[in-house]
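Below, read A as the first sequence line, B as the second, and so on, with proteins coming before strands; counting in each chain starts at 1. What you see is a predicted model, and the numbers here were worked out from it, not measured in a lab.
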Amino acid sequence: MPIDKVYEPQRFEPHWAEWWVSSGIFHASPSAPGPVFSLVIPPPNVTGSLHMGHMLEHTEIDVTIRWRRMMGHNTLWLPGTDHAGIATQMVVERELAKEGLDRHQLGREEFERRVWCWKEQSGGAILRQMVRTGTSCDWSRARFTLDEGLSRAVREVFVRLYEKGLIYRGEYMINWCPRCLTALSDLEVVHEESEGNLWHFRYPVNEPAGADPRHLIVATTRPETMLGDTAVAVNPKDARYASLRGKTVRLPLMDRDIPVIFDDMADPEFGTGVVKVTPAHDPNDFAAGQRHNLPLVQVIDQHGRMTPAAGRFAGLGRFEARKQVVAALDQQGLLNKVQPYTLSAGRCQRCKTIVEPLVSTQWFAKMKPLAEPAIKAVETGEIKFIPENWVKTYNEWMYNIRDWCISRQLWWGHRIPAWHCATCGKITVSREDPTQCAHCQSEDIKQDPDVLDTWFSSGLWPFSTLGWPEKTVDLATYYPTSLLITGFDILFFWVARMIMMGIECTGEVPFRQVYIHGLVRDAEKQKMSKTRGNTIDPLDVTERYGTDAVRFSLLRGAAPGTDIVTSEDRMAAARSFANKIWNAARFIFMNMEKAGVETYELATVDCCLPEANEYSITIPVEDRWIFSRLARCAELTGRAIETYRYHEAADTLYHFFWGEFCDWYVELKKLRMQQEPEVKAHLRNLLRTFEISLRLLHPVMPFLTEELWQRLVRKTDARPASIALAPYPDYDPSVIDHKSILDMDVFQDIVTAARNLRADLGEADPKKTLDGVLYSRSLGFEIASREKSFIEKLASVQLELRQEAAPKLEGAAVRSTTEFDLVLRLPAAQADAAIKRLEKEIANLEKVIANSRRQLEDETFLSRAPGKVVDQIKSKLADYETQLAKNQAALESLASK
RNA sequence: GGGCGCGUAGCUCAGUUGGUUAGAGCGCCUGCUUCACACGCAGGAGGUCACAGGUUCGAGUCCUGUCGCGCCCACCA
């Protein structure tokens, strides 16, 4: 049963990953005891595969969920995937293109069938990857946004909102992607700055015969749209143009007269103060057109080509048309000037094609009435954002929210439950598929071809996944969910909409807290992206470093409100830690074998206290100490996880396990078991502390701890099936033994002092023992006499103990603290290093002492600083002064040589 | 044009409500194949906390400004 020398997670991680699923230990039961803690996963796209962002998010969620589960909460982590409308449709269309097909050749039904096939393949992949990485979801409750139940929820919400007048259909200006051939919401348009031009054109003013010819100069970044101009606008307060009232101008190239309108949209400060108005191709102009009743002349079509309304430019692509329009105007002498200009163009979030603002009939959701209660919920603290400053961003968007274009001209998604009547032209919106028009009973009705924005269904995710609109037990138990963990990139897309939809549909907030994590970046602080080629594949590093190491490295970088830097260096460091744990286990297993102990039986007392009756001996200092440290570690780790300071949790565990458990406790136990006869008693506590440590570590390193725990702990009826179901170590502060901490401090100080002195003397080889004397009349003597042989062993010294004050010694290296003075005999040749250290120590002490004295003499300080702080300084000052005196004496004696 | 965030050791970053010799990981230097671990052990070097002011008994921490960097939102042609 000895385990392998080197930590090789590949050998056991897949096994536990499978077992966690097959054993069903993460299955949530509404009737389970304990406070409810529920969370729904931000559903990854079915088309996707796991990336580092998921890995981080899932790790943070998993740590939280595992910790809560061990704390005895009734936990649910509901997993699932999103159908991701455009993204998925694009991927499948690309696949079809390889076969030389497009979706129209297949037809809607066949195309949908193909997407479902694709979903079965790739949707399975990401779920399998999640299983492999150990996420402790309840897989029996996995959901997909196009599931029957969720589709019913979508339909119910659509009908309700329609009936309340919160969903309407109308002709407005929307963002249109000429490549995807669908409308987009404002959020799906990303703005990108690029270098372009500002062209200035002359539009001749129509003057009565005989008057002086005049022209107006208009500027535009999009010359091709001028073909659709139906007015020019000037500011009503702009005195320069007052005389234009009632005038028209001749639109060049089109030979059309268009009116001069007076509207605030024109900024007198900008350019000439005259702006061309193209209501069909610019959102501003569209609004102006409505105010002034201007006609719409659409010169660009859905494919981004010029329409017949563009006259001789008809059929050209929009960018080619731009060139030709400029050339034509130039030729006619109407090009006034060209200015370089940075403009921000809207691009399709998915395919990066420049979006075309077009007037189109679409479905919209009215947002203001939904936003109001959602704002209030955050304001009143019913929903808490962490970090808090995201509230500002949230509010900014919510207060300025505009109606949401929810229809998409796609085939993959939730079909809009509206039927158009060919007879009366009216619309029937219904929960069940209608067979006739609700208005005229005609049977000549056809379902609207559009589907809903993919975020419409994700907005319902927290309750649709729990069975809503049915009144299910799950819904009653787990809704509202406790927590949402997600990235800020989908704050508006998803989080805000869930809040609005949740409140609207269920009357309750969808979650109590939202923890917003940072972005995963590479070692160069670059955003990870496929195009940059700097992605780290989580599955790849999981194989090479182990899932636990990848998780741990991410957590160590995951301070709230900051981005998360990853690199293989960090993973290697985390793997070293895992290896350390592994080897501690190896040492323990080895000693069990030596002592003939087969397995460890879980202690009946679960708090961090040694079981006194196990001992026929006095409880040694390291045991009293380590249990206090265990309790402290549990407390700090728990509090860190609870407040989403994952980096702190990881750090606390790291330093506890490595710096305290391994470096001191195990080392001491090692000696104890070598030198003392009560091996089993010592082993018993070693096992106990190790087992508790494994439980402390389990939320962050689930695989390794499960593997070791299963090997260590004896299977009994009382034992939980998995460490994941074992209780998180109790951290009642009353178990902390302060005396033991003091004792251990002194013990460590003596050992460290001896090691320092050895180094000063240039003797780094631990095989060579040096002689020394320890002087102390207090705790130092007590500890040193009790643990003399251990100090000698750990520091490679031979000690003589004297219960007296240190005399003035010549030719010796001295290390002094308030509790003791340690003296090593010094070969004369090596005084320099010792002197140097003393001088440094003295300089430090002098600085601190001066500082403290100054403060203690300062009346204002004494009167204003809290008594606690003053006392602290006083007692420390005394300590510093004794140390200083001792060091000075030592230096004097050394220097005099 | 608004909003948010960052600038701390060679590198990457922590630093909870201001409280007294500023921490970690990696890297570097010295010495150790000590029977759990060289993915290790022991010891060590390295920081005027971007800059300038201010508040305070006390500032890496709070305020103002400057410089540098990043991100988000916005219909100015």
Side-chain angles (χ1 to χ4, degrees), chain A residues 3 5-7 173 191 198 218-222 233 265-267 269-271 274-278 282-287 341 343-344 346 357 387 389-390 392-393 396-397 400 488-489 491-492 518-519 523-525 527 545 549 553 556-557 559 561-563 565 567 569-570 572-591 639-640 643 645 647-648 651 654-655 662-663 666-667 670 752 755-756 758-760 762-767 793-796 843-845 847-848 851-852 855 858-866 868-870 872-873 876 880:
Chain A
I3 58 175
K5 183 168 175 180
V6 175
Y7 164 67
M173 176 146 286
H191 293 271
L198 189 61
V218 297
T220 180
T221 55
R222 303 192 53 200
M265 76 180 288
D267 175 3
E269 305 293 316
F270 189 94
V274 187
V275 57
K276 62 191 267 313
V277 183
T278 323
D282 180 279
N284 256 331
D285 297 3
F286 179 76
Y341 198 79
L343 56 136
S344 98
N389 49 298
W390 286 107
K392 210 162 177 178
T393 309
E396 171 72 16
W397 191 71
N400 297 306
F488 59 78
D489 49 332
L491 184 62
F492 306 142
L519 230 57
E524 272 74 54
K525 283 183 92 171
K527 204 188 275 189
Y545 296 95
S553 71
R556 282 199 96 177
T562 64
D563 286 339
V565 178
S567 67
D569 278 0
R570 283 157 185 268
R575 185 189 49 192
S576 299
F577 180 47
N579 185 58
K580 187 76 183 175
I581 300 170
W582 183 261
N583 275 290
R586 235 178 114 233
F587 172 78
I588 286 161
F589 289 142
M590 217 182 70
N591 279 283
R639 207 158 48 199
T643 51
R645 299 197 312 275
H647 67 302
E648 207 177 294
D651 220 55
Y654 182 91
H655 288 110
C662 290
D663 288 351
V666 171
E667 288 306 315
K670 196 187 277 179
T752 306
R755 286 170 172 169
N756 284 337
R758 288 178 49 87
D760 287 352
E763 191 49 87
D765 184 346
K767 280 188 301 295
K793 195 93 186 186
L794 290 173
S796 299
N844 269 339
L845 286 165
K847 203 173 87 187
V848 186
N851 209 10
S852 306
Q855 291 213 312
D858 185 338
E859 304 262 331
T860 352
F861 170 73
L862 292 176
S863 62
R864 304 227 181 148
K868 211 175 80 185
V869 173
V870 177
Q872 196 185 332
I873 291 176
K876 279 200 172 177
Y880 295 146

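Note on A:Pro866: a base of the nucleic acid sits closer than 4.0 angstrom, heavy atoms only. Within the nucleic acid shown, A:Ala266 comes within 4.0 Å of at least one base atom, counting heavy atoms only. Nucleic acid contact for A:Arg556: sugar-phosphate only, since backbone atoms but no base atoms lie under 4.0 Å from a heavy atom of the residue. Residue contacts for A:Thr220: at a heavy-atom cut-off of 4.0 Å it reaches the sugar-phosphate backbone alone, with no base atom in range. Heavy atoms of A:Asn389 sit under 4.0 angstrom from primed sugar atoms or phosphate atoms, though from no base atom. Note on A:Thr562: only backbone sugar-phosphate atoms sit closer than 4.0 angstrom, heavy atoms only; bases stay farther off. Within the nucleic acid shown, A:Tyr545 has no heavy atom closer than 4.0 Å to any nucleic acid atom. Residue contacts for A:Asn756: at a heavy-atom cut-off of 4.0 Å it reaches the sugar-phosphate backbone alone, with no base atom in range.
For A:Leu343 and B:rC76, the CG to C1' distance is 13 Å, given to the nearest whole Å. When rounded to the nearest whole Å, the span between CG of A:Asp563 and P of B:rG70 equals 13 Å. Distance A:Asp489 CG to B:rC4 C1': 15 Å, rounded to the nearest Å. In this entry the distance linking NE2 of A:His655 with P of B:rG15 reads 15 Å, nearest Å. Note: CG (A:Asp651) to P (B:rA14) measures 12 Å, nearest angstrom. In this structure, the CZ atom of A:Arg222 is 15 Å from the P atom of B:rC75, given to the nearest Å. One atom, NZ of A:Lys392, and another, P of B:rG5, lie 8 Å apart when rounded to the nearest Å. Distance, A:Asp267 CG to B:rC76 P: 12 Å, rounded to whole Å.
You'll find the side chain of A:Thr393 stays beyond 4.5 Å of the side chain of A:Phe488, heavy atoms only. In this structure the side chain of A:Arg758 reaches within 4.5 angstrom of the side chain of A:Ser796, judged on heavy atoms. Taking the side chain as every heavy atom from C-beta outward, A:Thr278 and A:Phe286 never approach each other to under 4.5 Å. Side-chain contact check for A:Val277 versus A:Met265: some heavy-atom pair is nearer than 4.5 Å.
Nearer the 5' end of RNA chain B, as judged by each residue's closest nucleotide, is the contact made by A:Asp858, out of A:Thr221 and A:Asp858. Between A:Ala759 and A:Arg645, the residue anchored closer to the 5' end of RNA chain B is A:Arg645, taking for each the nucleotide with the nearest heavy atom.
Using a 30° and 60° split on the angle between ring planes, A:Tyr7 and A:Trp582 fall in the tilted class, from 30° to 60°. Ring-plane geometry between A:Phe577 and A:Tyr654 is classed as tilted, the angle between the planes lying from 30 to 60 degrees on a 0 to 90 degree scale.
Nucleotides B:rG40 and B:rG3, compared at atom P, are 49 Å apart to the nearest Å. Taking the C1' atom of each, B:rG53 and B:rC67 are spaced 15 Å apart, rounded to whole Å. For B:rU12 and B:rG54, the C1' atoms lie 33 Å apart once the distance is rounded to whole Å. Nucleotides B:rC72 and B:rC62 have their C1' atoms positioned 26 Å apart, rounded to a whole Å. Separating the P atom of B:rA50 from that of B:rG15 is a span of 15 Å, rounded to the nearest Å. Remark: the separation of the C1' atoms in B:rU34 and B:rG58 is 48 Å, to the nearest Å. Rounded to the nearest Å, the gap between the C1' atom of B:rG10 and that of B:rC35 is 38 Å. Taking atom C1' on both nucleotides, B:rG19 is separated from B:rG7 by 25 Å, rounded to a whole Å.
For A:Asp858 and A:Thr860, the side-chain atoms include at least one donor-acceptor pair closer than 3.5 Å. For A:Arg222 and A:Thr220, the side-chain atoms include no donor-acceptor pair closer than 3.5 Å.
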- prompt: Once each nucleotide of nucleotides 31-41 of chain B is scored for protein heavy atoms under 4.0 Å, what B/S/- sequence comes out, 5' to 3'?
  reply: SSSB-BBSBSS

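Residue A:Lys847 places no side-chain N or O under 4.0 Å from the OP1 or OP2 atom of B:rU21. For B:rU20, one of the phosphate oxygens OP1 or OP2 lies less than 4.0 angstrom from a side-chain nitrogen or oxygen of A:Gln872. Not one side-chain nitrogen or oxygen of A:Tyr654 sits closer than 4.0 Å to the OP1 or OP2 atom of B:rA24.
Candidate nucleotides B:rA24, B:rG19, B:rU21 were compared by shortest atom distance to the side chain of A:Phe861, and B:rG19 ranks first. Closest to the A:Val869 side chain, of the nucleotides B:rU12, B:rG19, B:rA14, is B:rG19. Among the nucleotides B:rC75, B:rU12, B:rU20, the one closest to any side-chain atom of A:His191 is B:rC75.
Remark: side-chain polar atoms of A:Arg570 are not paired, donor with acceptor, to backbone N or O of A:Arg556 under 3.5 angstrom. Between the side chain of A:Asp563 and the main chain of A:Leu519, a donor-acceptor pair closer than 3.5 Å is present. Although no hydrogens or angles enter the test, the distance criterion places a donor-acceptor pair under 3.5 Å between the side chain of A:Asn583 and the main chain of A:Asn579. A donor-acceptor pair under 3.5 Å is absent between the side-chain atoms of A:Asn851 and the main chain of A:Lys847, judged by distance alone.
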statement: Intra- and inter-strand pairing of RNA chain B, written as dot-bracket with Watson-Crick and G-U pairs under 3.5 Å and | for the latter, reads (((((((..((((.....[...)))).(((((.......))))).....(((((..]....))))))))))))....

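Taking 3.5 Å as the limit, the base of B:rU16 and the side chain of A:Glu648 contain no donor-acceptor pair of atoms between them. Looking at A:Asp569, its side chain has no donor and acceptor atom pair within 3.5 Å of the base of B:rC26.
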